[in-house]
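Single-structure report; data block below.
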Amino acid sequence: MSDQTERRVDLLAFPNFQLLDIAGPMQVFATANRVIEDAGRSPVYLLRIIARQAQTMAWAGLTLLSDPLPGTDEPCDTLVIAGGDAVHEALRDPELVAWIAHKAPNTRRIASICTGAFLAGAAGLLDGRRAVTHWDSCDLLAQTFPTARVEPDPIFIEDGKLWTSAGVTAGIDLALALVERDLGHAVAMAVARDLVVFLKRPGGQSQYSAALALQHGEERFETLHGWMRENLAEDLSIPALAAHCGMSGRSFQRHYRQATGLPAAQAVERLRVEQARLLLADSDLPLKKIVRQCGFGSEETMRRSFARQLATTPQAYRERFPGAQTSR
């Protein structure tokens, strides 16, 4: 168990912020407090929502009571900066941006959720640092703050005292990582179980899910994708997929590509690589077993798929993103 001194966590809101950017991390920290209280220890996180307004309405319509912005010289353990489409309006508030800039030196770590990275950038916190935001805003973030090293792929990034996350629910992943850093793996795992979420999608894993990327197709192919994910070790050749859809092979390939923008064989490879990534990061299963479970046929086939999709090897991926590795 790591250091359990009290830690002030301030969650910064602004008008029309994204509700889950505050509620998600706040619930993670609150649940961590309960977990350690149940173990007979004192709660660690002192949580408060702060804003320039006494009452702050989220974009979803829920109004939260907010504490005023504390003095910039007041010590703070963790500052969490919310995001949302309205962040671009918040950027026009020079007092808010200045407050973040002056608060940063007295804050142990700063975490931006989703497009909260724009506020961090406006305060000069992204200069020379790696950062991420919602996939749809990464290009704009890079253009707006050219000295930042924006990476569009990760779920979250830690660079020194700055933590940034991808969109919305990735804030929960980031908060779980902060709890794990503060209180250890067992507490973070207990929080994840309580909230019914994964403990970690490793910080270098893609914010794009292969299944999510395929959700632009026809309804019949949505059903097919679910079946594919449940049967990765089975025959997912074009004839087998076409038969599952009750179509000829030629008709299936044409309609599938029109609906998803991908050849069916490439979609199968993406789904298999995604499942293999999860198993490599979160289990100690040998490569041969992962090959079989994911339907690659051979280790060489999986290696070539990883090279195409991720520009790395399965072994290098496992070494870079070690998870709990508790599967036996």
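The first residue of the sequence shown is numbered 1, and numbering continues consecutively from there.
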Side-chain hydrophobic cluster, 4.5 Å single linkage: members besides Leu46: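 None; Leu46 is a cluster of one.
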Given a cutoff of under 4.5 Å between side-chain heavy atoms of I, L, V, M, F, W and Y, with clusters grown through shared members, what are the other residues clustered with Val168?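 Via sub-4.5 Å side-chain contacts, Val168 links to Leu20.
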Give a yes-or-no answer on whether the side chains of Thr133 and Thr115 include a donor-acceptor pair shorter than 3.5 Å.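 There is no such pair (donor and acceptor under 3.5 Å, judged by atom type) between the side chains of Thr133 and Thr115.
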Distance-only polar pair, side chains of Gln309 and Ser305, donor-acceptor under 3.5 Å: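 Absent: no donor and acceptor within the cut-off.
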Set of residues satisfying salt bridge (charged side-chain N to carboxylate O under 4.0 Å, His left out) with respect to Arg292, sequence neighbours excluded: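 With neighbours one apart ignored, the set is empty.
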Below 4.5 Å, heavy atoms only, C-beta onward: do Leu236 and Arg272 meet side chain to side chain?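 In short, these two side chains touch, coming nearer than 4.5 Å.
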Tell me whether [X] is salt-bridged to [Y], with the criterion being a basic N under 4.0 Å from an acidic carboxylate O.
{"X": "Glu158", "Y": "Arg181", "answer": "yes"}
{"X": "Glu37", "Y": "Arg34", "answer": "no"}
{"X": "Lys289", "Y": "Glu299", "answer": "no"}
{"X": "Glu300", "Y": "Arg303", "answer": "yes"}

Working for side chain to side chain contact (heavy atoms under 4.5 Å, CB included), residues Val87 and Phe17: CA-CA 7 Å; Val87 73; Phe17 69 96; over 6 Å; no
Could you tabulate the donor-acceptor pairs under 3.5 Å formed by side-chain atoms of residues 105-114, not counting sequence neighbours?
residue: Asn106; atom: ND2; partner: Thr72; partner atom: O; Å: 2.7
residue: Thr107; atom: OG1; partner: Lys103; partner atom: O; Å: 2.9
residue: Arg108; atom: NE; partner: Asp77; partner atom: OD1; Å: 2.6
residue: Arg108; atom: NH2; partner: Asp77; partner atom: OD1; Å: 3.2
residue: Arg108; atom: NH2; partner: Asp77; partner atom: OD2; Å: 3.2
residue: Arg108; atom: NH2; partner: Asp182; partner atom: OD1; Å: 3.3
residue: Arg109; atom: NE; partner: Thr78; partner atom: OG1; Å: 2.8
residue: Arg109; atom: NH1; partner: Asp182; partner atom: OD1; Å: 3.0
residue: Arg109; atom: NH2; partner: Thr78; partner atom: OG1; Å: 3.4
residue: Arg109; atom: NH2; partner: Asp182; partner atom: OD1; Å: 3.3
residue: Arg109; atom: NH2; partner: Asp182; partner atom: OD2; Å: 2.5

Just do the salt bridge (Lys or Arg N to Asp or Glu O under 4.0 Å) check on Glu89 and Arg92 with the steps written out, would you? CA-CA 5 Å; Glu89 291 294 325; Arg92 299 189 182 98; 2.6 Å; yes
Phe29 vs Leu178, side chain to side chain contact (heavy atoms under 4.5 Å, CB included): CA-CA, chis, key distance, verdict: CA-CA 9 Å; Phe29 292 122; Leu178 296 179; 3.9 Å; yes
Tell me which donor-acceptor pairs under 3.5 Å the side chains of residues 243-254 have, and how far apart each pair is, sequence neighbours excluded?
residue: Ser248; atom: OG; partner: Ser251; partner atom: N; Å: 3.2

If you compare all heavy atoms of Ser283 against all heavy atoms of Arg318, which two are closest, and at what distance to 0.1 Å?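 Closest pair (atom of Ser283, atom of Arg318, distance): O-NH2, 2.9 Å.
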Donor-acceptor pair, Asp194 side chain versus Ala190 backbone, under 3.5 Å?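 Checking the backbone N and O of Ala190 against the side chain of Asp194, no donor-acceptor pair under 3.5 Å is found.
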Pair Tyr45, Ile36 - check side chain to side chain contact (heavy atoms under 4.5 Å, CB included), show working. CA-CA 11 Å; Tyr45 297 112; Ile36 60 177; over 6 Å; no
When you look at His88 and Phe118, which way does the side chain to side chain contact (heavy atoms under 4.5 Å, CB included) test go after all the steps? CA-CA 8 Å; His88 301 289; Phe118 284 87; 3.9 Å; yes
With Ala142 via side chain to side chain contact (heavy atoms under 4.5 Å, CB included) - residues at least two apart: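 With sequence neighbours excluded, Ala142 shows a side chain to side chain contact (heavy atoms under 4.5 Å, CB included) to Val150, given in chain and number order.
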